[in-house]
Enquirer: 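This is the structure, below, for whatever I ask next.
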Amino acid sequence: METFDPTELPELLKLYYRRLFPYSQYYRWLNYGGVIKNYFQHREFSFTLKDDIYVRYQSFNNQSDLEKEMQKMNPYKIDIGAVYSHRPNQHNTVKLGAFQAQEKELVFDIDMTDYDDVRRCCSSADICPKCWTLMTMAIRIIDRALEEDFGFKHRLWVYSGRRGVHCWVCDESVRKLSSAVRSGIVEYLSLVKGGQDVKKKVHLSEKIHPFIRKSINIINKYFEEYALVNQDILENKESWDKILALVPETIRDELQQSFQKSHSSLQRWEHLKKAASKCQNNIKNDKCGPWLEWEIMLQYCFPRLDINVSKGINHLLKSPFSVHPKTGRISVPIDLHTLDQFDPFTVPTISLICHELDAISTNEDKKQENEAESDIKHRTRDYKKTSLAPYVKVFECFLENLDKSRKGELLKKSGKILCLSLLPSGILVLVEMSNF
């Protein structure tokens, strides 16, 4: 694979924004069918330029405006903000207090650094296949809850380009939610609580909420391979002492002895389950039995959300298809149908896709380069020639579902229904009828 050299980023970004960025799909997303007047025009974009120059309150009239500005500024990073009451680029001309964030997708930000107290392979900004399973479990747990518990339909999951994932919930009703409601949703989805000084971060009550039960079912599918084999969370005294700090004192000594005689994390986990089950029968005050193992599993595997990102309507979040300036990787949509196979290390870098574009440049491409730069069809063909193509396809499937949903809603509001009608010629046609 083409290795990424950060010193080449300025030149690579020029090519990326000129020939490869999927502008038409991007505009189609944030314009939401043009149903609400000035929806796109009132959206805030923020650009981080070379040397960390930060430009907020950018806004654009249309796709063409957005393209021109991105190709002029070649941002190192793009963030998307709220839809405001006025055009963000005119916010200084608006009466004090009148410029207000009105709508935004409900967003979630899950960052691997928040798991540093429970992952043993890496720390800080580093990730590896052994700890990436944490992100897989997080997506599975949060996405199931958003769909089944809340009924949210349009959820776009995106790899951040380095060490985390983002989720954009784009249903029309969700974009209108108040900050208080957003806070309530994040609170519902949060279980791991307490800072570095708090040893036991998960406390279950005797009545287990269905959300927790379903989350445990998901963790169960991954726990043995992830926690007991790859992370080896009970490998040695230093690691198992962390877990023993989470169990009732009454069984600590017994477990310490049996752990020393055992030869693997798998064996030690079985001892812990047996001791928890035994103590459940003997002691009424201590929470043992399955609760104990579930609390440990949740502390080590449950999603850790950045609450502030989700609850603030005016909070900015990195845009899909932005480039990570440290890794060079593109922030790409994740296909949930193949989530278990998603590998952050195979996500294309800007170097790779620019190299692929150069490598397949034929005479025909050279002719096309002389065409007008606003020729969107030309650019569409360009990204299809690179490793970015399958990720744009995932994005397009997401947009198709958004479009279908919006058309269905519009038909409902118009009081019309669609019926299949058989013509005398034997041809089936779709007929629009009034819904009285």
Side-chain angles (χ1 to χ4, degrees), residues 1-4 6 9 12-13 15-30 45 48 66 70 74-80 105 107-112 125 127-129 132-136 138-140 142-143 154-170 309 316-357 379-402:
M1 186 177 270
E2 190 75 9
T3 51
F4 170 66
L9 191 56
L12 294 169
L13 285 169
L15 184 59
Y16 178 63
Y17 290 130
R18 191 165 58 86
R19 304 259 315 256
L20 294 165
F21 190 91
Y23 290 107
S24 59
Q25 295 90 335
Y26 192 72
Y27 176 75
R28 186 175 150 203
W29 170 38
L30 294 171
F45 294 86
T48 306
L66 173 76
M70 279 169 63
N74 295 308
Y76 273 48
K77 181 174 171 238
I78 307 158
D79 285 291
I80 300 173
E105 297 75 9
V107 294
F108 297 94
D109 179 9
I110 309 171
D111 194 313
M112 196 72 89
I127 61 163
C128 75
W132 186 256
T133 307
L134 284 167
M135 291 295 126
T136 306
I139 295 172
R140 289 255 181 253
I142 301 297
D143 193 72
H154 304 289
R155 309 166 313 277
L156 177 69
W157 285 93
V158 181
Y159 170 51
S160 72
R162 192 178 195 183
R163 57 173 186 246
V165 293
H166 302 149
C167 178
W168 300 76
V169 186
C170 301
V309 170
L316 294 152
L317 185 64
K318 183 183 187 177
S319 167
F321 299 103
S322 192
V323 179
H324 197 292
K326 295 260 183 357
T327 63
R329 294 197 193 280
I330 314 291
S331 189
V332 292
I334 298 169
D335 184 357
L336 264 54
H337 297 105
T338 54
L339 176 61
D340 288 344
Q341 286 76 53
F342 180 82
D343 179 356
F345 297 101
T346 61
V347 167
T349 62
I350 187 170
S351 319
L352 174 72
I353 59 174
C354 289
H355 176 74
E356 286 171 338
L357 193 60
R379 193 159 34 246
T380 306
R381 287 198 295 273
D382 279 343
Y383 82 75
K384 282 185 175 174
K385 298 168 189 168
T386 73
S387 303
L388 192 61
Y391 300 100
V392 178
K393 187 82 185 149
V394 173
F395 191 43
E396 286 173 339
C397 289
F398 166 76
L399 295 174
E400 284 297 317
N401 288 328
L402 259 181

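Values reported hereafter were calculated over all heavy atoms of this structure, with side chains retained and with hydrogens, waters and symmetry mates removed.
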Enquirer: Quick one: sort the W168 and W29 rings into parallel, tilted or perpendicular, breaks at 30° and 60°.
Expert: perpendicular
Enquirer: Holding to salt bridge (charged side-chain N to carboxylate O under 4.0 Å, His left out), I want the full list of residues that pass it with K318, two or more places apart in sequence or in another chain.
Expert: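 Salt bridge (charged side-chain N to carboxylate O under 4.0 Å, His left out) check on K318 returns nothing, list empty.
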Enquirer: Quick one: does L12's side chain get under 4.5 Å of S351's, heavy atoms only?
Expert: yes
Enquirer: What heavy-atom pair brings P6 and P325 nearest, and what distance separates the two atoms?
Expert: CB-O, 4.4 Å
Enquirer: One pair to check against side chain to side chain contact (heavy atoms under 4.5 Å, CB included): T349 and R329. What are the steps and the verdict?
Expert: CA-CA 4 Å; T349 62; R329 294 197 193 280; 3.8 Å; yes
Enquirer: About how many Å separate CD1 of I80 and CG of L316, when rounded to the nearest 0.5 Å?
Expert: 9.5 Å
Enquirer: Y76 versus L13: any side-chain heavy-atom pair under 4.5 Å?
Expert: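 In short, these two side chains touch, coming nearer than 4.5 Å.
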Enquirer: Checking Y23 side chain against Y17 main chain: does a donor-acceptor pair fall under 3.5 Å?
Expert: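 Yes, the answer is positive, given that a donor and an acceptor are paired below the 3.5 Å cut-off.
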Enquirer: Please evaluate residues C167 and I142 with respect to the criterion side chain to side chain contact (heavy atoms under 4.5 Å, CB included), reporting the C-alpha separation (whole Å), side-chain torsions for both, the decisive distance (0.1 Å), and the verdict.
Expert: CA-CA 9 Å; C167 178; I142 301 297; 5.7 Å; no
Enquirer: Taking side chain as C-beta onward, heavy atoms only, is R18 less than 4.5 Å from N74?
Expert: no
Enquirer: If I take atom CD1 from residue I350 and atom CG from residue L15, how far apart are they, to the nearest 0.5 angstrom?
Expert: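 So the CD1 of I350 and the CG of L15 are separated by 7.5 Å.
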Enquirer: To the nearest 0.5 Å, what is the distance between CD1 on I353 and CD1 on I330?
Expert: 4.0 Å
Enquirer: Spell out, as yes or no, whether a donor-acceptor pair under 3.5 Å connects the side chain of T327 to the backbone of G161.
Expert: yes
Enquirer: In chain order, what residues pass the salt bridge (charged side-chain N to carboxylate O under 4.0 Å, His left out) check against E356, with sequence neighbours excluded?
Expert: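 With sequence neighbours excluded, E356 shows a salt bridge (charged side-chain N to carboxylate O under 4.0 Å, His left out) to no residue whatsoever.
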Enquirer: Answer yes or no: is there a side-chain heavy-atom contact under 4.5 Å between F395 and V332?
Expert: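 A side-chain contact under 4.5 Å is absent here.
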Enquirer: Can you check whether Q25 reaches Y383 side chain to side chain, under 4.5 Å on heavy atoms?
Expert: yes
Enquirer: Does R140 have any side chain to side chain contact (heavy atoms under 4.5 Å, CB included) partners at least two apart in sequence or in another chain, and if so, which?
Expert: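 Result, side chain to side chain contact (heavy atoms under 4.5 Å, CB included) vs R140: I218, Y222, L339, D340.
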Enquirer: Only counting residues at least two apart or in another chain, list the ones meeting side-chain hydrogen bond (donor to acceptor under 3.5 Å, both in side chains) with H355.
Expert: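 By the side-chain hydrogen bond (donor to acceptor under 3.5 Å, both in side chains) rule, H355 matches no residue at all.
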Enquirer: Could you check if a side-chain atom of V394 sits within less than 4.5 angstrom of a side-chain atom of I334, using non-hydrogen atoms only?
Expert: no
Enquirer: Any side-chain heavy atom of Y16 sitting closer than 4.5 Å to one from V323?
Expert: yes
Enquirer: Excluding sequence neighbours, so at least two apart, what forms salt bridge (charged side-chain N to carboxylate O under 4.0 Å, His left out) with D79?
Expert: K77
Enquirer: Any idea which heavy atoms bring N401 and H154 closest together, and the distance?
Expert: O-CE1, 3.2 Å
Enquirer: Taking the side chain as everything from C-beta on, heavy atoms only, tell me whether D343 gets closer than 4.5 Å to W132.
Expert: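 Side chain of D343 against side chain of W132, heavy atoms only: no contact under 4.5 Å found.
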Enquirer: Just verifying a value: how many Å separate I139 CD1 and L336 CG, rounded to the nearest 0.5 Å?
Expert: 6.0 Å
Enquirer: Between the main-chain N or O of R162 and the side-chain N or O of Y159, is there a donor-acceptor pair closer than 3.5 Å?
Expert: yes
Enquirer: Closer than 3.5 angstrom, by distance alone: can the side chain of S319 be matched with the main-chain N or O of S322 as a donor-acceptor pair?
Expert: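 Looks like no, no N/O pair under 3.5 Å.
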Enquirer: Using the test salt bridge (charged side-chain N to carboxylate O under 4.0 Å, His left out), find all partners of D143 that sit at least two apart in sequence or belong to another chain.
Expert: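 Only R155 meet the salt bridge (charged side-chain N to carboxylate O under 4.0 Å, His left out) criterion with D143.
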Enquirer: Kindly determine whether R28 and E400 satisfy salt bridge (charged side-chain N to carboxylate O under 4.0 Å, His left out), including the steps that lead there.
Expert: CA-CA 10 Å; R28 186 175 150 203; E400 284 297 317; 3.1 Å; yes
Enquirer: When you look at Y26 and F321, which way does the ring pair (Phe, Tyr, Trp, His ring centres under 6.0 Å) test go after all the steps?
Expert: CA-CA 9 Å; Y26 192 72; F321 299 103; 7.4 Å; no
Enquirer: Would you give the length of the straight line joining atom CG of L66 to atom CD1 of I78, rounded to the nearest 0.5 angstrom?
Expert: 8.0 Å
Enquirer: Just verifying a value: how many Å separate M135 CE and D111 CG, rounded to the nearest 0.5 Å?
Expert: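 M135 CE to D111 CG: 7.0 Å, rounded to 0.5 Å.
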